[in-house]
Amino acid sequence: MRLKNVFRNSFFSMLSQIVLIVVGFFSQRVMNLRMGEELVGMNGVFSNVIAILSVSELGISTAVVYHLYKALAEKNESEIAALMNLYRKAYYIFAAVITALGIAVLPVVHYFLKENSFTLGYIRIVFFLWLARTVLSYLLSYRRSILIADQREYIVSIVTLTANVLNYLSVIIILELIQNYILVLLINIFVEAVLNIWISCYVNRAYPFLKKMYKKPLQKQTISKIAGDIKNIFVTRFSAKILLSTDNLIISGFINVATVGLYSNYCLITNSVINVLVALSNAIQPSVGNMFIEGDNEKNYRVLRQLTFVFFLLAGFAAVSLFCLITPFVTDLWLGEKYRMDMFITMWLVMNCFIQILGMPLSVMMGVTGLFQKERNLSVIAAAANLAVSLALVKPFGVSGVLAGTFVSYIIQLLFRIRVFFYEYLKMDCKKYIADLIQYGVLSILEIAGIYVITANIYQQKNMLSFFAIFFLCIFLPNFINSVIYIKSWRFKSIVSLIKGIK
């Protein structure tokens, strides 16, 4: 049953992300061509500001889902209901806190946008609608957590896909016809509210005991444990928000908002790839959490190496494709030559994408072990390193300097998680795992360099035919090379056996 759930959740999560990538590209194209890169840049900055304001939530969702694993496995309806009641009350408080913080930031939000042509009133209205959309989601979406913990994430994926497709279509249609971005945001708020209400109704039908035990209190001992977890997770997630949400703010503050717009176009592509694989890792996590309850460390270690090998295959293929295709796609097929960015920016984006994907299996393992205090320490160090390096390098190197800071933070995260997970949880040596990662990294660099030379020579005419030729080479060559190298390894054979089991 666990394997079936992993496959079903993974399938719908990844399908959702792939559809959103396709629709998202059309939406971003319309925003660039109809409203300009300044609006795209403002969108990116506001999403980061809202992400930082949302820190009050950080911790409760992860802590509650972690405790729901055991309650659901034991079918303890009383405990499940009590956890969900705590979750509901916390999210209502978070909505109020975020509203207050957002209103406090509203009078000065225009200072985040350097060198823009928007009126002050327009900037504040757009920010307020972003704020309203976020607050409403907290009031309505907390019930999703029980579906995720119960390995039924595919339902959430389908609803999320529906909401996002409708939102993207509203961007495309309205901006093409009347160029009214405020109307787009109003429609987005309505769509997400309706679908979140539907999820709440579905959860009430699927788990009727939640309604019967609407006021069921949680035991003080459990509340105390969750409070301790939240404290650690809060610092972890806050630091992660700082790490992920400051790049646009630094670029906007030290360069200009139009550069954020250009950078956002490249980020849309790399983030689309990352989001597909995050969806895969999120779909896997509940089943991994269920497996870790067994306490078999040898099995856990073996699964980690298997998952890391799978994510290496995906990361290597993604890195090759992004480095060879991203600029031709942006300049020749999607937007135009004026949207080109420097090759060094592309290099750093690809490196960050690769290391982030390669570290996902270990991140999943850390998320289900309850090592929240260790993650807290790590996140603070990583966020501080990111800020320090980015601020030091943004003046001399521009966007590349900001991305170098992000890369340093990802390396720190990966090394720290290896140390904590192996020595403090598994009680095992990590040399083989580190050797795996070094091997994967070196092989991917060689593949990127070799395949880039081949594709650059083929893509001389810069037409659709030559683009599709290098596109298929980027699909075939890295996967063929990796298959030949690893076909006799136990990791490759175990994945083949797993696929046969799914069939």
Side-chain angles (χ1 to χ4, degrees), residues 5 8-28 30-31 43 46-47 50-51 54 57 60-61 64-65 68 84 87-92 94-95 98-99 102 126 128-175 180-208 210-211 214 268 271-272 275-276 278-280 282-283 286:
N5 288 332
R8 183 166 54 186
N9 290 336
S10 302
F11 174 79
F12 281 103
S13 295
M14 294 182 72
L15 175 65
S16 172
Q17 290 299 326
I18 290 168
V19 172
L20 292 181
I21 289 170
V22 175
V23 183
F25 281 133
F26 285 105
S27 170
Q28 188 89 340
V30 170
M31 287 186 68
N43 231 25
F46 282 175
S47 67
I50 292 292
S54 300
E57 181 274 342
I60 183 67
S61 58
V64 169
V65 169
L68 277 171
M84 292 301 295
Y87 201 7
R88 182 188 71 253
K89 292 174 185 176
Y91 260 40
Y92 287 174
F94 298 147
I98 293 168
T99 301
V126 171
F128 178 79
L129 291 175
W130 267 90
L131 178 65
R133 181 178 176 180
T134 304
V135 169
L136 196 59
S137 71
Y138 281 119
L139 293 174
L140 297 173
S141 66
Y142 74 95
R143 287 185 180 271
R144 295 179 178 213
S145 61
I146 191 170
L147 296 174
I148 295 170
D150 203 19
Q151 302 184 55
R152 301 168 77 175
E153 191 177 350
Y154 67 95
I155 297 169
V156 177
S157 297
I158 292 169
V159 174
T160 304
L161 172 63
T162 304
N164 285 325
V165 167
L166 290 174
N167 286 340
Y168 280 136
L169 289 177
S170 69
V171 171
I172 294 168
I173 294 169
I174 293 172
L175 295 188
N180 189 329
Y181 185 60
I182 290 175
L183 179 59
V184 168
L185 291 175
L186 289 170
I187 291 174
N188 291 171
I189 291 170
F190 174 76
V191 168
E192 291 183 13
V194 169
L195 290 171
N196 277 323
I197 291 170
W198 183 89
I199 278 193
S200 294
C201 294
Y202 176 87
V203 169
N204 283 337
R205 291 194 304 271
Y207 307 90
L210 292 178
K211 204 168 183 180
Y214 189 72
L268 175 64
N271 288 342
S272 295
N275 288 340
V276 170
V278 166
L280 174 61
N282 287 342

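These values consider heavy atoms only, across backbone and side chains, with no hydrogens, waters or symmetry-generated copies. Source: prediction; values computed, not measured.
- Residues satisfying the ring pair (Phe, Tyr, Trp, His ring centres under 6.0 Å) criterion with Phe190, sequence neighbours excluded, are absent altogether.
- The shortest non-hydrogen separation linking Thr99 to Leu131 is O-CD2, 4.2 Å.
- Judged as a ring pair (Phe, Tyr, Trp, His ring centres under 6.0 Å), and not counting sequence neighbours, Tyr168 has no contacts.
- Rounding to the nearest 0.5 Å gives a distance of 8.5 Å between CD1 of Ile187 and CD1 of Ile173.
- A distance of 6.0 Å separates CD1 in Ile199 from CG in Asn196, rounded to the nearest 0.5 Å.
- Here the CG atom belonging to Leu185 is positioned 10.0 Å from the CZ atom belonging to Phe46, to the nearest 0.5 angstrom.
- When side chains are defined from C-beta on, Asn43 counts as touching Trp130, because their heavy atoms get closer than 4.5 Å.
- Annotation: side chain of Glu192 is not in contact with side chain of Leu136 (no heavy-atom distance under 4.5 Å).
- Val171 has its side chain out of reach of Phe26: every pair of non-hydrogen atoms, C-beta onward, lies at least 4.5 Å apart.
- Listed by chain and number, the residues in a side chain to side chain donor-acceptor pair (under 3.5 Å) with Ser170 are Asn188 (sequence neighbours excluded).
- Leu129 CG to Tyr181 OH: the interatomic distance, rounded to the nearest 0.5 Å, is 9.0 Å.
- Rounding to the nearest 0.5 Å gives a distance of 11.0 Å between CZ of Arg133 and CG of Leu186.
- Minimum interatomic distance between Ala132 and Ile189 (heavy atoms only, all atoms of both residues): CB-CD1, 4.2 Å.
- Using a distance-only test at 3.5 Å, with no hydrogens or angles considered, no donor-acceptor pair links the side chain of Ser27 to the main chain of Val23.
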